[in-house]
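One structure is given below, encoded as structure tokens.
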Protein chains: 2
Amino acid sequence: MSGSPITESSAELDDLVGYNLKRVYMIFQDKLRDILGQEGLAPRSYSVLSLTVQQPSVTQSELARRLGIERSGLVAIVDGLESLGLLERVGVPGDRRVQALTPTLTGREVHERTAVRIARDEERLLSVLSGQDRRALIRILGRLRDMHEVRG
Amino acid sequence: MSGSPITESSAELDDLVGYNLKRVYMIFQDKLRDILGQEGLAPRSYSVLSLTVQQPSVTQSELARRLGIERSGLVAIVDGLESLGLLERVGVPGDRRVQALTPTLTGREVHERTAVRIARDEERLLSVLSGQDRRALIRILGRLRDMHEVRG
DNA sequence: TGAAATCTGTTACCAAGGTAAACTGTTATT
DNA sequence: AATAACAGTTTACCTTGGTAACAGATTTCA
């Protein structure tokens, strides 16, 4: 019997940036689910609603590209939001393929009050960081997205 | 017609820290899947293998607590790792309820060479940051986990 | 012009990841 | 001894996503 033949040269789980990103993401997502659940929304539904508020008449394909998901996955989400009366599919005169997504007044109201609650909760979660660290986190995450995300 | 009655006072999607965490986490996870796929492992299987290497004879309950998942979810993962010959359930003399999880030699080898590749890939992903930002990211993520994670 | 390629939205199917509740056997409490 | 608590497991379920194939509309281009 020799001792341990394998040297533990690298990366334990808690040292992996990817794993820590996951765990911190879970912290944020847990509370997000609570807030959105009160409006009957899932995180993905909120992200779609948010983007249509921000950019009315956006097409589903464009939305899928922005969210980094498949077009097919968007159908059910939009169906749900439409049945809740939060947005509408509107035909576009020039191109009969596309459906422009536009939030209803109710949709904008729900989005606004939900956005406020989400922002407040993020403020709470980030309050354990200094202002400098908060800004650094936002800047660093943005840079990692810019440098590594595949843009369609 | 009045103008837009809703003021866009807060949080567009790309301004939410939670959403940016998700997107950055996805960047890290995509490549992780590639690397682990070559060994026939899923991310969760790797995390279990890694923790058993780091802490041999850990129980399944303890492992579930450390990973923040349900005990029931661990069964299939351990089944898979056991059938791959990477770890073993070993009965514990004192307590016939628990199954101590211990990596096999093969398990330690697979873990070691995989850990090296994962570390190399994280290095690549983080190379777009300054050394200072890299350290800040790691420190900030750790602090958010420490302050907000429910410890069982 | 007409054929081929491309694009949009849709459907049906499927796999991964996770949770919750109920069950067995074991150990601890009182 | 009776009861509670615990470890692991099974089962059923749900959510999130992805893939492939499709129809209709539009664009490209030979």
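Since the structure is predicted, the reported quantities are computational estimates derived from the model, not experimental observations. Each chain gets a letter, A, B and so on, in the order its sequence line appears, and its residues count up from 1.
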Within 6.0 angstrom of A/Gln38 CD, more than 12 heavy atoms from elsewhere: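 Counting other residues, nucleotides and ligands, CD of A/Gln38 exceeds 12 neighbours.
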Interatomic distance, [X] atom [atom1] to [Y] atom [atom2] [nearest 0.5 angstrom]:
{"X": "A/Glu39", "Y": "A/Ser45", "atom1": "CD", "atom2": "OG", "result": "12.0 Å"}
{"X": "A/Ser50", "Y": "A/Leu41", "atom1": "OG", "atom2": "CG", "result": "11.5 Å"}
{"X": "A/Ser61", "Y": "A/Arg66", "atom1": "OG", "atom2": "CZ", "result": "14.0 Å"}
{"X": "B/Ile27", "Y": "B/Leu32", "atom1": "CD1", "atom2": "CG", "result": "13.5 Å"}
{"X": "A/Leu87", "Y": "A/Leu81", "atom1": "CG", "atom2": "CG", "result": "4.5 Å"}
{"X": "A/Leu13", "Y": "A/Tyr19", "atom1": "CG", "atom2": "OH", "result": "5.0 Å"}

Inspect the contact between [Y] and [X] and indicate whether a charged nitrogen and a carboxylate oxygen are less than 4.0 angstrom apart.
{"X": "A/Asp133", "Y": "B/Arg143", "answer": "no"}
{"X": "B/Glu123", "Y": "B/Arg120", "answer": "no"}
{"X": "B/Asp146", "Y": "B/Arg139", "answer": "no"}
{"X": "A/Asp34", "Y": "A/Lys31", "answer": "no"}

Shortest non-hydrogen contact from B/Gly18 toward A/Tyr25: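 Taking B/Gly18 first and A/Tyr25 second, the nearest heavy atoms are O-CD1, 4.0 Å.
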Check each residue of [range] for a non-hydrogen atom within less than 4.0 Å of any atom in DNA chain C, then write out the ones that pass by number, or none.
{"range": "residues 20-42 of chain A", "answer": "A/Lys22"}
{"range": "residues 83-98 of chain A", "answer": "A/Arg89, A/Arg97, A/Val98"}
{"range": "residues 66-74 of chain A", "answer": "A/Arg71, A/Ser72"}

Check: B/Ile69 and B/Arg44 side chains under 4.5 Å, non-hydrogen atoms: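 Side-chain contact under 4.5 Å: no.
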Residues clustering with B/Val98 (ILVMFWY side chains joined when closer than 4.5 Å, directly or via others):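 Via sub-4.5 Å side-chain contacts, B/Val98 links to B/Val92.
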Bounds of contact between DNA chain C and chain B, in 5' to 3' order, using a heavy-atom cut-off under 4.0 Å: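 Footprint of chain B along DNA chain C, 5' to 3': C/dG17 to C/dT27.
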Interface limits on DNA chain D, where chain B has a heavy atom under 4.0 Å of a nucleotide atom: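 Result: D/dC6 to D/dG17.
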Under 3.5 Å donor-acceptor, A/Arg134 side chain and A/Val128 backbone: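 No; judged by distance alone, with no hydrogens or angles, the pair does not exist.
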Nearest-nucleotide 5' precedence on DNA chain C, A/Glu62 against B/Pro43: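 With A/Glu62 and B/Pro43 compared, the 5'-side residue is A/Glu62.
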